[in-house]
Amino acid sequence: ISYDAPYYLGLARDIHDGFKPYIDVKSNYTPLMMYMNSWIFGLEDTFHYAYFILFQYLIIFLSQNVFFVLLDGTISA
């Protein structure tokens with residue numbers, strides 16, 4: 001998990017609370033991960049950091065698999 005995870009959590013929380021990226025919330029990042037992380041805040045009444053960690057590991061795992069498939073297809077061709 002990256003060192004800027006608290007920043008992403010703050011942005012995700014704000015989006016879940018109804019704020020709009022680039023209008024209400026200042027960010028230099030694209031909003032895809034902010035929106036993906038924002039659903040974690042809707043799972044329960046209280047936020048659990050473990051959900052965020054598991055979600056981040058899932059994203060990393062899926063990204064690595066997609067990269068491997070793309071790289072494997074490029075090398076095989």
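Residues passing the side-chain contact (heavy atoms from CB on, under 4.5 Å) test with Tyr7, sequence neighbours excluded: Asp4, Leu11, Ser27, Tyr29. Partners of Phe55 according to the ring-ring contact (aromatic ring centres under 6.0 Å, His included) rule, which considers only residues two or more places apart in sequence or in another chain, are Trp39.
Distance check, rounded to the nearest 0.5 Å: CG of Asp17 to CG of Asp24 gives 11.0 Å. Distance check, rounded to the nearest 0.5 Å: CG of Asn37 to CG of Leu9 gives 7.0 Å.
Taking 4.5 Å as the limit, some side-chain heavy atom of Met36 sits within range of a side-chain heavy atom of Ile59.
Residue Leu58 shares its hydrophobic cluster (ILVMFWY side chains chained together at separations under 4.5 Å) with Phe61, Leu62.
Nearest heavy atom pair, residue Pro21 against residue Ile15, reads CG-CD1, 3.7 Å. Between Thr30 and Tyr22, the shortest heavy-atom distance links the atoms CA-OH, 3.3 Å.
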